[in-house]
Amino acid sequence: MKLSIIIPIYNTEKYVEKCILSCLNQDIQLSDYEIICINDGSKDNSLKIVEEIASKHENIHVYSQTNKGLSAARNIGMKHARGDYYMFLDSDDWIEDKCLGKLSQKLKTEKPDCLVICAANVINGIPKRRNSYLNETPISGKELLKKGVEPCAPFAIWNASFLKNNNLEFYEGIFHEDSEFTPRAYYFANKVSFTNDIIYYVYQNPNSITRSINPKKSFDLINVVCKSLNNFAKQVEPTYRYLFYNLEGLYLNNSIFNIMLSEKKFQEELNESIISAKQTWKDMLHSTILNYRVEAFLFYCFPKHPIYIYFFLHRFKFKDKL
């Protein structure tokens, strides 16, 4: 069994060396895994740093493309990868030293569609665990969606054949690509394994694209992610559709919450996008979460003012922000 670690790289010259060195400081043979680095049009010294490390390690392969975004870089990485399993790693994050031996053994023994791992946020050098799986008994992906799981694709190691057989790729050109990808992937997974060990460390970089304020994030949640999950929900077994209706409600709420710190013109534009997303309203009416059903009912009652309805219902969230 071979593991492919796929690392998209864009302007992370301060962090990428630590990221790659963490992948090299492992307890399996170099021939048992590869590191696929996709330089996504970096304008700093990231590529130079990566190529210098790669020149000394035969299991590191570097590819470059014009800037197309995280999703496109991951998709290209999967096309180049030759492993039986894929692990996605952001270039400002890193993995635990000498963790791949235990993970590889678990993958060989249990042969899951994906292996869910634990992560920690690192703030001022101090890691703080963000998820736990005390029970490591494998379950189906549908059961995992019922229990709730973080949508971060790097928090799982994915069976390559499983992804290919189900035509699972990342939606390109958007933010929140993980929120669109992982629910679909977990739905198809017949067997999900777990490890409660902290494997993945997330550097809390305020300049990261996943943590900066950007109105496009809100628009992508409504115009792309909710729409995609709505279309996907039509294909799933009726007894599981509510899982996707709940996610649509969550993402609509997140889109509004995130844009409340942006200019008023963006809030007005998002309001128009939500008005046009009536299929999401319909799905929210069938959610198992009362708040989402109430919101959707009020949207239908006052169809021109969804953002104001949300603000009225959740105004205390913004007490310290406005």
Side-chain angles (χ1 to χ4, degrees), residues 68-72 75 145 151 153 167-187 209-236 238 240-318 321-322:
K68 296 180 180 178
L70 180 64
S71 294
N75 288 341
L145 287 171
N167 298 311
L168 289 165
E169 290 189 337
F170 293 91
Y171 198 115
E172 297 187 7
I174 66 168
F175 291 105
H176 298 292
E177 61 282 316
D178 287 1
S179 297
E180 194 276 339
F181 172 86
T182 55
R184 295 187 294 115
Y186 286 131
Y187 177 80
I209 61 171
T210 60
R211 286 176 276 274
S212 58
I213 297 172
N214 187 332
K216 187 177 186 302
K217 295 179 181 180
S218 290
F219 290 107
D220 285 349
L221 276 173
I222 292 296
N223 296 330
V224 180
V225 177
C226 283
K227 186 177 293 185
S228 175
L229 294 185
N230 165 259
N231 289 333
F232 183 77
K234 297 172 184 176
Q235 308 170 34
V236 309
Y240 292 103
R241 287 177 184 167
Y242 77 91
L243 295 169
F244 296 90
Y245 300 160
N246 291 350
L247 287 172
E248 287 183 71
L250 172 65
Y251 296 156
L252 182 142
N253 275 255
N254 287 348
S255 72
I256 299 176
F257 181 80
N258 292 336
I259 213 163
M260 295 307 288
L261 298 178
S262 298
E263 298 176 30
K264 188 172 181 60
K265 67 175 182 177
F266 294 125
Q267 297 174 22
E268 293 172 349
E269 289 174 13
L270 184 70
N271 195 70
E272 292 300 315
S273 292
I274 297 173
I275 290 172
S276 300
K278 288 188 170 58
Q279 187 57 54
T280 293
W281 302 8
K282 182 179 178 181
D283 289 351
M284 289 169 62
L285 285 175
H286 300 285
S287 168
T288 57
I289 298 175
L290 177 60
N291 285 349
Y292 300 158
R293 298 202 302 273
V294 170
E295 285 176 355
F297 174 76
L298 292 175
F299 290 167
Y300 277 105
C301 293
F302 307 98
K304 294 186 178 181
H305 307 289
I307 282 188
Y308 299 102
I309 291 169
Y310 172 88
F311 182 74
F312 175 77
L313 293 174
H314 304 277
R315 58 195 180 278
F316 294 112
K317 284 186 179 181
F318 303 100
K321 294 182 179 294
L322 302 179

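What's counted below: heavy atoms across the whole structure, side chains too, no hydrogens, waters or symmetry copies.
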Is there a side-chain contact between Phe219 and Pro215 (heavy atoms, below 4.5 Å)? yes
Would you say Arg241's side chain and Val236's backbone share a donor-acceptor pair under 3.5 angstrom? yes
Looking at Arg293 and Ser287, would you say the former's side chain and the latter's main chain have a donor-acceptor pair under 3.5 Å? yes
Applying salt bridge (Lys or Arg N to Asp or Glu O under 4.0 Å), name anything that partners Glu169, two or more places apart in sequence or on another chain. Lys79
For Leu145 and Pro183, work out which heavy atoms get closest and say how close. CD1-O, 3.7 Å
From Ile259 CD1 over to Tyr310 OH, what is the distance, rounded to the nearest 0.5 angstrom? 12.0 Å
Nearest heavy atoms of Ser255 and Ser218, plus distance in Å: O-OG, 2.6 Å
Okay, side chain of Asn230, backbone of Thr280: is any donor-acceptor separation there less than 3.5 Å? no
Among all residues two or more places apart in sequence or in another chain, which pass the salt bridge (Lys or Arg N to Asp or Glu O under 4.0 Å) test with Asp178? Arg74
If I take atom CZ from residue Phe257 and atom CZ from residue Phe311, how far apart are they, to the nearest 0.5 angstrom? 11.5 Å
Please tell me if the side chains of Tyr292 and Leu250 come closer than 4.5 Å, counting only heavy atoms from C-beta onward. yes
My understanding is that only one of Asp283, Ile274, Leu247, Leu221 makes a side chain to side chain contact (heavy atoms under 4.5 Å, CB included) with Leu252; could you say which? Ile274
Which heavy atom in Lys216 sits nearest to a heavy atom in Gly173, and how many Å separate them? NZ-O, 3.0 Å
Look at the rings of His286 and Tyr245 and say which category their plane angle falls in: under 30° parallel, 30 to 60° tilted, over 60° perpendicular. tilted
side-chain contact (heavy atoms from CB on, under 4.5 Å) partners of Thr288, counting only residues at least two apart: Tyr242, Asn246
Under 3.5 Å, sequence neighbours excluded: what are the donor-acceptor pairs made by side chains of residues 294-307?
| residue | atom | partner | partner atom | Å |
| --- | --- | --- | --- | --- |
| Glu295 | OE1 | Asn253 | ND2 | 2.8 |
| Glu295 | OE2 | His314 | NE2 | 2.6 |

Is the number of heavy atoms from other residues, nucleotides or ligands under 6.0 Å of Tyr240 OH greater than 12? yes
Taking all atoms of both residues into account, what is the closest heavy-atom pair of Ala185 and Leu168, and its distance? CA-CD1, 3.8 Å
Exactly one candidate in Arg184, Glu180, Glu248 meets side-chain hydrogen bond (donor to acceptor under 3.5 Å, both in side chains) with Ser228; the answer is Glu180
Could I get the full list of side-chain contact (heavy atoms from CB on, under 4.5 Å) partners for Ile174, not counting sequence neighbours? Tyr171, Glu177, Asp220, Val224, Val225
Only distances under 3.5 Å count here; give the side-chain donor-acceptor pairs of residues 263-270 to other protein atoms, sequence neighbours excluded, each with its distance to 0.1 Å.
| residue | atom | partner | partner atom | Å |
| --- | --- | --- | --- | --- |
| Gln267 | NE2 | Ser262 | O | 3.1 |

